[in-house]
Amino acid sequence: MIGRFIGSAILQKVKAGTVLGIAAFCASARVLTSMLTSGHIAMASIILVGFFNSIMFPSIFTLGIAELARSPAMAPVC
């Protein structure tokens, strides 16, 4: 849940596509780290994957609804 709040705060300053790309790269790096290590380092890496995934949610949502304002056919869905 902390990641969602942090992601929402970051989205006020940085473009959603940039936040999504950085968070996806960081989550991928954490998965790679957890695959190549063991013990507490791997465990912390997996926890951080969840953190970066929760940052990605507001970014994906923002990008998903960005086009709805311009499309009158999809306006009733919102």
Side-chain angles (χ1 to χ4, degrees):
M1 198 64 167
I2 293 170
R4 283 197 188 175
F5 292 126
I6 291 172
S8 296
I10 291 171
L11 281 174
Q12 294 177 0
K13 306 277 185 197
V14 184
K15 292 170 57 173
T18 304
V19 172
L20 182 60
I22 291 170
F25 175 77
C26 290
S28 299
R30 295 304 120 216
V31 169
L32 185 62
T33 302
S34 68
M35 289 171 35
L36 298 176
T37 61
S38 61
H40 292 293
I41 295 172
M43 181 182 66
S45 293
I46 291 298
I47 291 170
L48 286 173
V49 168
F51 174 75
F52 286 114
N53 283 342
S54 65
I55 288 177
M56 285 191 286
F57 176 77
S59 304
I60 293 169
F61 183 75
T62 301
L63 290 170
I65 65 170
E67 297 296 321
L68 290 180
R70 294 184 211 125
S71 175
M74 294 300 291
V77 175
C78 290

Please report the interatomic distance CG(N53) to CD1(I60), rounded to the nearest 0.5 Å. 8.5 Å
Under the side-chain contact (heavy atoms from CB on, under 4.5 Å) test, which residues partner A24, sequence neighbours left out? M56
Among residues at least two apart in sequence or on other chains, which ones pass side-chain contact (heavy atoms from CB on, under 4.5 Å) with I10? I6, V14, V19
Working to the nearest 0.5 angstrom, can you tell me the gap between L11 CG and R4 CZ? 12.5 Å
Are V31 and L36 joined in one hydrophobic group, where the rule is that I, L, V, M, F, W and Y side chains link up if heavy atoms are under 4.5 Å apart? no
For A23 and I55, work out which heavy atoms get closest and say how close. CB-CG2, 4.1 Å
To check you understand the geometry: which heavy-atom pair defines the closest contact between S34 and S45, and what is its length? CB-CB, 3.9 Å
Heavy-atom closest pair (A16 atom, S59 atom, distance to 0.1 Å) is O-CB, 3.9 Å
Would I47 end up clustered with I2 when hydrophobic side chains under 4.5 Å apart are linked, directly or stepwise? no
With rounding to the nearest 0.5 angstrom, report the CD1 to CD1 distance, I41 to I46. 13.0 Å
Residues which pass side-chain contact (heavy atoms from CB on, under 4.5 Å) with I22, listed by chain and number, not counting sequence neighbours: T18, C26
When rounded to the nearest 0.5 Å, the distance separating OG of S8 from CZ of F57 is 9.0 Å
How about CZ on F61, more than 12 heavy atoms from neighbouring residues, nucleotides or ligands closer than 6.0 Å, or not? no
